[in-house]
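Report on the structure given below.
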Amino acid sequence: MSPPPFKNLPPMSLSLTAPLFTTALLLLLSPQEASSALPIIPVNGTCRSTCGTIPVRYPFGTGFGCGHPAFSRYIKCNFGTTLQYTTRTGTYTIASIDYPSSTVIVTDPFMSNCSEMQNSGSFSLDETGPFTLAKENIFVLLGCSTTSPLFDSTQDFCDTGSGSRVCRGLYSCKGVTGIGLPRNAPISTCCVYDYPTGLGLGYSLDLPKLQCSSYASVYEFGDEGDPMKWKFGVSLLYNDSYYSGSCKDCEGSGGVCGFDSLDESFACVCRNGVNTTTSCFGQGYAWSGTQGVKIQTMLTIGGLLLSWMLLLVQCR
């Protein structure tokens, strides 16, 4: 059996090597913060900061456990490309989010516009949801039966003033043939819905009950005389009071704000999949300021000492 590598070293070399070996091990292995701050390659977790081309910021999220729990019930990122909003009447695509104005534009794939009209489903907002209709929305009901309750002479469901121009504009579109009407048909089957209580929570547009074939929603007219330039979609306002200092710290460390699935308490979701209650600093992803420099220096010195010690032993 060959003797241990230290056995034939001179006393002076052995006395130098042992402390150096111990020091190197302490520098490399003893600091708990060093091991926790090693730069792990970030991987895609369940929460993302974008969905397709749309930036996703708190209180929105891309899936369960992401964003604020009040929004997570309604918002998800489908296949990483399409941000969707779901209510009891259907799933709608989120076209844009304007964070400064707390405004979301959603589009219904069955909603009519000037280019294409088709039979539509209903549209609703849930009473418990964090969204309300923006005042800019103009809902237009198309291809309605003349016996529809909309045309009850004792009620004022339809705007017969400026709304008539909107109806004439849409009925002049070539897409109106999609709901079985000729271009420039009489506007007696069209109604610009004047919803007196629709701006609150729980708004519902029930087309079968109203006996209408389709609906369109215009949130911006632009050149009012040309319906091809109108912007179609539903503009929603959301409650932006959920943002907190904890979320700001989380985002500053490279994390995404989310919540615990058990008690819905705040959680910071790091890019390596780690969830914390504070931030991603020291969680295997982010290094913060001087702490990171200190740890890197310790690891570098420890590595050099260990390499020098091994080289010395081999030379003996």
Side-chain angles (χ1 to χ4, degrees), residues 36-87 91-109 126 129-132 134 219 233-289 291-293 295-296:
S36 66
L38 287 173
I40 298 175
I41 299 174
V43 296
N44 289 330
T46 58
C47 298
R48 298 179 175 90
S49 57
T50 60
C51 181
T53 60
I54 298 178
V56 179
R57 304 172 190 165
Y58 197 78
F60 292 88
T62 55
F64 186 75
C66 311
H68 192 277
F71 286 71
S72 179
R73 300 180 181 93
Y74 303 97
I75 306 296
K76 72 172 183 177
C77 183
N78 192 29
F79 297 111
T81 58
T82 306
L83 198 62
Q84 295 179 326
Y85 167 58
T86 299
T87 72
T91 297
Y92 311 98
T93 299
I94 295 179
S96 65
I97 304 175
D98 185 56
Y99 291 96
S101 64
S102 303
T103 303
V104 180
I105 303 298
V106 302
T107 58
D108 181 350
D126 293 351
F131 299 96
T132 58
Y219 65 91
V234 182
S235 179
L236 303 177
L237 299 176
Y238 66 89
N239 188 340
D240 64 349
S241 64
Y242 297 101
Y243 198 74
S244 63
S246 298
C247 183
K248 182 178 180 180
D249 292 341
C250 174
E251 292 177 340
S253 68
V256 177
C257 301
F259 60 93
D260 185 273
S261 60
L262 296 178
D263 58 6
E264 296 189 344
S265 59
F266 175 80
C268 182
V269 183
C270 304
R271 295 188 185 182
N272 59 1
V274 174
N275 288 10
T276 77
T277 57
T278 53
S279 71
C280 296
F281 290 133
Q283 301 299 326
Y285 169 69
W287 279 352
S288 59
Q291 181 185 18
V293 175
I295 294 173
Q296 285 180 305

- request: Might you work through the side-chain contact (heavy atoms from CB on, under 4.5 Å) test for Ile75 and Tyr85, ending with a clear yes or no?
  value: CA-CA 5 Å; Ile75 306 296; Tyr85 167 58; 3.9 Å; yes
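- With values rounded to the nearest 0.5 angstrom, Lys76 atom NZ is found 13.0 Å from Cys66 atom SG.
- Minimum interatomic distance between Asp240 and Ser102 (heavy atoms only, all atoms of both residues): OD2-OG, 3.1 Å.
- Closest heavy-atom contact between Tyr238 and Asp98: OH-O, 4.3 Å.
- Note that CZ of Arg73 is 15.0 Å distant from OG1 of Thr87, once rounded to the nearest 0.5 Å.
- Between Phe259 and Phe64, the ring-plane angle classifies as perpendicular under the 30° and 60° cut-offs.
- Side-chain contact between Phe60 and Tyr99 is present, with heavy atoms from C-beta onward closer than 4.5 Å.
- Phe266 has its side chain within reach of Cys250: a pair of non-hydrogen atoms, C-beta onward, lies under 4.5 Å apart.
- Taking OH of Tyr58 as the reference point, atom OG of Ser244 lies at 6.0 Å (rounded to 0.5 Å).
- In this structure, Cys268 SG and Glu251 CD are separated by 8.5 Å, a value rounded to the nearest 0.5 Å.
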query: Given the rule in the side-chain contact (heavy atoms from CB on, under 4.5 Å) test, do Phe281 and Asp249 qualify, once you have shown the distances and angles that lead to the verdict?
result: CA-CA 10 Å; Phe281 290 133; Asp249 292 341; over 6 Å; no
field: Derivation of the disulfide (SG to SG under 2.5 Å) call for Cys257 and Cys247
entry: CA-CA 6 Å; Cys257 301; Cys247 183; 2.1 Å; yes
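- Contact detail for Cys280 and Gly255: the closest heavy-atom pair is SG-CA, 3.6 Å.
- The shortest heavy-atom contact between Cys47 and Thr62 is CA-OG1, 3.6 Å.
- Taking every heavy atom of both residues into account, Ser49 and Val256 meet most closely at N-CG2, 4.5 Å.
- A pairwise comparison of heavy atoms in Thr107 and Ala95 identifies CG2-CB, 4.2 Å as the closest pair.
- Expressed to the nearest 0.5 Å, how far CG of Asn78 lies from CD1 of Ile94 amounts to 12.0 Å.
- Using modelled atom types, no side-chain atom of Thr50 and backbone atom of Thr53 make a donor-acceptor pair closer than 3.5 Å.
- Considering Val106, Ile97, Thr93 as possible partners of Leu83, the one that fulfils the side chain to side chain contact (heavy atoms under 4.5 Å, CB included) test is Ile97.
- Interatomic distance, Leu236 CG to Tyr74 OH, rounded to the nearest 0.5 Å: 12.5 Å.
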- request: Given side-chain contact (heavy atoms from CB on, under 4.5 Å), test Phe131 with Phe71 step by step and report yes or no.
  value: CA-CA 9 Å; Phe131 299 96; Phe71 286 71; 3.8 Å; yes
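- Counting only heavy atoms from C-beta outward, the side chains of Ser235 and Thr103 approach each other to under 4.5 Å.
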